Amino acid sequence: MANEFQPLQGMSDIYAPEIYLWRMMEERARAVFNAYGYDELRTPSLEKLSVFKRSIGDTTDVVKKEMYSFKPSKHELALRPEGTAGTIRHLAGRGEEGLNARVFYIAPMFRYERPQAGRKRQFHQVGVEATGEANPLADAECIAMQKNLLDAWGLTGSKIQISTRGEPSDRKPVAEGLRAALRPFENELCEDCQRRIDENVLRVIDCKNESCGKIVDQIPSAIEFMSPASRDYLDQVVEALSAMDIEVTVNPKLIRGLDYYVHTVWEISHSALGAQDALAGGGRYEIALGKKGIPGVGFAIGFERAIMALNACGITGEQFAPDGGIWLVSLGEAALKENMKLARELRAKGIRCGMELEAKSMKAQMRKASRSGANTVVIRGDEELEKGIAVVKDMAEGSQQEISLEEFVRDA
RNA sequence: GUGAUUGUAGCUCAGUUGGUUAGAGCGCCUGGUUGUGGCCCAGGAGGUCGGGGGUUCGAGUCCCCUCGUUCACCCCA
């Protein structure tokens, strides 16, 4: 395809029939969130760069190298790479009520990365945030709601993995403990991990390199270096989930990169996705904005990845296409004008109604009607106009009958 | 940022060791008796072979650059 008609690299136009799937997902998401008492929040796509730097962490790759940022005037700005930072920025501004809020968003996110399967530069997430002090039940409810949503979409075969990052005070002992445990194996680790051991030990834990994995299996998990309170917190989350019959796997090797996470973190993966098999993630966080720290828990689901998984489940956009509606066939100029009026009446009733706007052969009009997916075709020519009737054809059956126009409009 | 892969009609793809007006299937349009779709038949429209440079008598086919696609790494949804 010619370049000038293509969207930017890593960005896509979304159109029928796939758009029908998007709409279904959005509608059901709103319904599920409503059932849990969440309200929708729409924040701007563009924020001050500092909003993201402070909350996501300015050493993370997302902030360091994946943001679309620029400085049009006084402030340095950035397109949001995720939804939590902006949401918390908003809630923090609402004072006390922002500390006990439940909101959701459905919005595009932007990350300047090389595209690959399930990874776009503009991608879409549906996410929620529930602010409030750390509480295992809040985390469990959040996961339950997320599962609820995936079920509502008809997604099967996804797996929830859960772990904990512990409290902020656990970070040092965890990092030091892991480093000490890894040192003896340092030379056997891959190049990346040898660098990561000092830079970001946690990343060694989820290295995909096979030999690194074997070493990691031999050393204690990060959780084992945490305080009893942190471990107890995770146990309570898992217990609450099992009470709700939600299956999760505790995976201490699960690492989530954003700095703001504390305690519970989780990821939902699906085998249909390829190398990037996580379609959703979530966790508890503590985000410092100004003088206050906002505690909360939330999740995000990637639309594009969820769609790949849904497609693998045999769920596609076609299945959610609108009703085929009615097609009007006009024979002659007079009928054409009369059908314009008829179409207006039908459309006012919310019926999908199409017609050819120029005089064409009946065959051409029928062909178009058929391809439009219309269930019903109304044929009118001079004869019908004179008698005040319409020939109504059922496209699936192939049968047709004459009925009075008045009656047809009334029953349509 | 790194490493691969691929780029020919709306879509899926053929195009032999570089050689005359670039093909197929599907789709689209128009016909096949006067007012009837989906099947069948016939005809037709539609391509600066992603773009730019180079080699050559001659390039869709070779070389270089560039822009995209797809996939993987880093990282993340």
Side-chain angles (χ1 to χ4, degrees), chain A residues 1-12 56-57 59-67 80-84 107-127 146 158 190-193 195-196 199-200 202-203 206-209 255-258 266-270 273-283 298-309 324 327 329-332 335 359-384 391-400:
Chain A
M1 196 194 285
N3 269 331
E4 58 261 57
F5 304 126
Q6 271 184 270
L8 289 172
Q9 180 174 32
M11 306 202 176
S12 330
I56 300 167
T59 61
T60 59
D61 277 27
V62 170
V63 168
K64 265 198 311 192
K65 55 178 212 189
E66 296 173 4
M67 283 214 287
R80 62 174 161 227
E82 52 90 88
T84 302
M109 307 294 164
F110 305 85
R111 258 125 93 160
Y112 188 80
E113 303 178 84
R114 290 283 287 271
Q116 75 186 64
R119 169 183 288 161
K120 294 267 170 198
R121 286 184 171 178
Q122 175 176 334
F123 61 103
H124 301 76
Q125 288 187 334
V126 47
Q146 190 175 20
S158 63
C190 71
E191 226 174 275
D192 284 328
C193 285
R195 174 175 52 80
R196 286 191 278 229
E199 264 175 31
N200 192 350
L202 289 177
R203 285 282 159 220
D206 71 341
C207 180
K208 280 173 191 162
N209 189 301
I255 300 301
R256 311 248 327 136
L258 279 25
W266 68 89
E267 213 167 85
I268 303 182
S269 58
H270 197 279
L273 263 48
Q276 311 303 323
D277 67 347
L279 67 92
F299 70 70
I301 305 177
F303 261 81
E304 285 81 358
R305 290 189 187 179
I307 285 172
M308 291 204 294
W327 190 271
V329 168
S330 327
L331 300 165
K360 285 214 169 178
S361 75
M362 181 160 196
K363 184 183 188 124
Q365 292 188 64
M366 285 304 293
R367 197 157 34 217
K368 210 154 177 176
S370 182
R371 279 163 200 168
S372 79
N375 313 313
T376 307
V377 166
V378 173
I379 301 161
R380 296 209 294 166
D382 293 338
E383 204 179 311
E384 287 77 13
V391 172
V392 177
K393 176 163 183 166
D394 180 314
M395 291 300 270
E397 296 286 327
S399 61
Q400 61 186 49

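Lettering of chains follows the sequences in order, A, B, ..., and the numbering in each one begins at 1. Atoms considered below: every heavy atom in the structure, side chains included; atoms not considered: hydrogens, waters and symmetry mates. Note that this is a predicted model, so its numbers are computed, not measured.
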Is the shortest side-chain N/O distance from A/Gln276 to OP1 or OP2 of B/C71 below 4.0 Å?
no

So if I take every side-chain heavy atom of A/Met395 and compare against B/G37, B/G68, B/C74, which nucleotide ends up nearest?
B/G37

Could you grab the distance from atom CG of A/Asp206 to atom CZ of A/Arg256, nearest 0.5 Å is fine?
11.0 Å

Looking across every strand, which nucleic acid part, if any, lies under 4.0 Å from A/Gly281 by heavy atom: base, sugar-phosphate, or nothing?
sugar-phosphate

Just how far, in rounded Å, is C1' of B/A77 from CZ of A/Arg121?
17 Å

Where do N or O atoms of nucleotides 30-32 of chain B meet protein N or O atoms at under 3.5 Å, pair by pair?
unit_1: B/U30; atom_1: OP1; unit_2: A/Lys360; atom_2: NZ; d: 3.2
unit_1: B/U30; atom_1: OP2; unit_2: A/Arg367; atom_2: NH2; d: 3.4
unit_1: B/G32; atom_1: N7; unit_2: A/Lys363; atom_2: NZ; d: 3.0
unit_1: B/G32; atom_1: O6; unit_2: A/Lys363; atom_2: NZ; d: 3.2

To the nearest 0.5 Å, tell me how far A/Gln125 CD sits from A/Glu82 CD.
7.5 Å

Between B/G25 and B/G44 - P atom distance, rounded Å:
13 Å

Expressed in whole Å, how much space separates the C1' atoms belonging to B/G27 and B/U21?
25 Å

Would A/His124 and A/Glu304 count as a side-chain contact (heavy atoms from CB on, under 4.5 Å) if you check the C-alpha gap in whole Å, the side-chain angles of each, and the deciding distance to 0.1 Å?
CA-CA 7 Å; A/His124 301 76; A/Glu304 285 81 358; 2.7 Å; yes

Side chain of A/Glu384 only, please: which of B/G35, B/C71, B/G68 is the nearest?
B/G35

Looking for any heavy atom pair under 4.0 Å, which part of the strands does A/Glu383 touch: base, sugar-phosphate only, or nothing?
base

Span that lies between the C1' atom of B/C63 and that of B/C75, in whole angstrom:
36 Å

Integer angstrom distance from the P of B/U61 to that of B/C73:
33 Å

Are A/Gln125 and B/A77 close enough that a side-chain N or O sits under 4.0 Å from OP1 or OP2?
no

Please check the phosphate of B/U69 (OP1 and OP2 only) for any side-chain N or O of A/Gln9 closer than 4.0 Å.
yes

Does the side chain of A/Ser330 reach to within under 4.5 Å of the side chain of A/Lys360, using non-hydrogen atoms?
no

Would you mind reading off the distance between A/Phe5 atom CZ and B/U48 atom P, rounded to a whole angstrom?
10 Å

Would you give the length of the straight line joining atom CE of A/Met67 to atom CG of A/Asp61, rounded to the nearest 0.5 angstrom?
11.5 Å

Length of the line joining A/Leu331:CG and B/G37:C1', which is rounded to integer Å:
14 Å

Value in whole Å for how far the C1' atom of B/G38 lies from CE of A/Met366
9 Å

Nearest 0.5 Å, what's the CG-CG distance between A/Asp382 and A/Leu331?
8.5 Å

Look at all strands and tell whether A/Gly373 reaches a base, only sugar-phosphate, or nothing, counting heavy atoms closer than 4.0 Å.
nothing

Using a 4.0 Å heavy-atom cut-off, does A/Ala396 contact any base of the nucleic acid, only the sugar-phosphate backbone, or nothing at all?
base

How is A/Gln400 classified with respect to the nucleic acid when contacts are heavy atoms under 4.0 Å: base, sugar-phosphate, or nothing?
base

Go through A/Arg196 and A/Cys190 one step at a time and tell me if the side-chain contact (heavy atoms from CB on, under 4.5 Å) criterion holds.
CA-CA 10 Å; A/Arg196 286 191 278 229; A/Cys190 71; 4.3 Å; yes

Separation of A/Trp327 atom CH2 from B/G37 atom P, in whole Å?
16 Å

Distance between C1' atoms of B/U16 and B/A22 (Å, rounded)
14 Å

Value rounded to 0.5 Å, distance of CG in A/Asp277 from OG in A/Ser158:
11.5 Å

Applying the 3.5 Å cut-off to both distances, the Watson-Crick or G-U partner of B/A42 turns out to be B/U30

So what does A/Arg196 touch, heavy atoms closer than 4.0 Å: a base, only the sugar-phosphate, or nothing?
sugar-phosphate

Summary of protein contacts for nucleotides 1-6 of chain B, nucleotide by nucleotide, where a base hit scores B, a sugar-phosphate-only hit scores S (4.0 Å, heavy atoms)
BBB---

Separation of B/U34 atom P from A/Met362 atom CE, nearest Å, is 11 Å

Are the side chain of A/Ser372 and the backbone of A/Ala369 linked by a donor-acceptor contact shorter than 3.5 Å?
yes

Using the side-chain heavy atoms of A/Ala275, tell me which of these nucleotides is nearest: B/C73, B/C74, B/U36.
B/C73

Please measure how far the P atom in B/U55 lies from the corresponding atom in B/G60, and state the result in whole Å.
16 Å

Side chain of A/Arg371: nearest nucleotide among B/U36, B/A77, B/C29?
B/C29

Contact class for A/Gly398 (heavy atom, under 4.0 Å): base, sugar-phosphate, or nothing?
base

Taken to the nearest 0.5 Å, the spacing of A/Arg121 CZ from A/Gln9 CD works out to 4.0 Å

Distance in angstrom units between A/Leu273 CG and B/A72 C1', rounded
15 Å

With a 4.0 Å cut-off on heavy atoms, is A/Ile268 in touch with a base, just the backbone sugar-phosphate, or nothing at all?
nothing

Flag as yes if A/Phe123 stacks onto the base of B/A77 (centroids under 5.5 Å, planes under 30°), otherwise no.
yes

Does any nucleotide pair with B/C57 by Watson-Crick or G-U wobble geometry, both distances under 3.5 Å, and what is it?
B/G19

Using the C1' atom on both, measure B/C49 against B/C39 and round to a whole Å.
35 Å

Name the nucleic acid region contacted by A/Leu279, choosing base, sugar-phosphate or nothing; use a 4.0 angstrom heavy-atom cut-off, strictly under.
sugar-phosphate

Note, A/Lys393 side chain near A/Val329 side chain (heavy atom, < 4.5 Å)
no

Across the strands shown, which category fits A/Glu304 at heavy-atom distances under 4.0 angstrom: base, sugar-phosphate, nothing?
nothing

Are any of the side-chain heavy atoms of A/Met395 and A/Met366 separated by less than 4.5 Å?
yes

Spacing between A/His270 atom NE2 and B/A77 atom P, to the nearest angstrom
18 Å

When you compare B/G3 with B/A59, how far apart are their P atoms, in angstrom units rounded to a whole number?
33 Å

Taking the side chain as everything from C-beta on, heavy atoms only, tell me whether A/Ser12 gets closer than 4.5 Å to A/Lys120.
yes

So if I take every side-chain heavy atom of A/Lys393 and compare against B/G35, B/U36, B/A72, which nucleotide ends up nearest?
B/U36

What nucleic acid atoms does A/Ala369 come within less than 4.0 Å of, heavy atoms only: base, sugar-phosphate, or nothing?
nothing

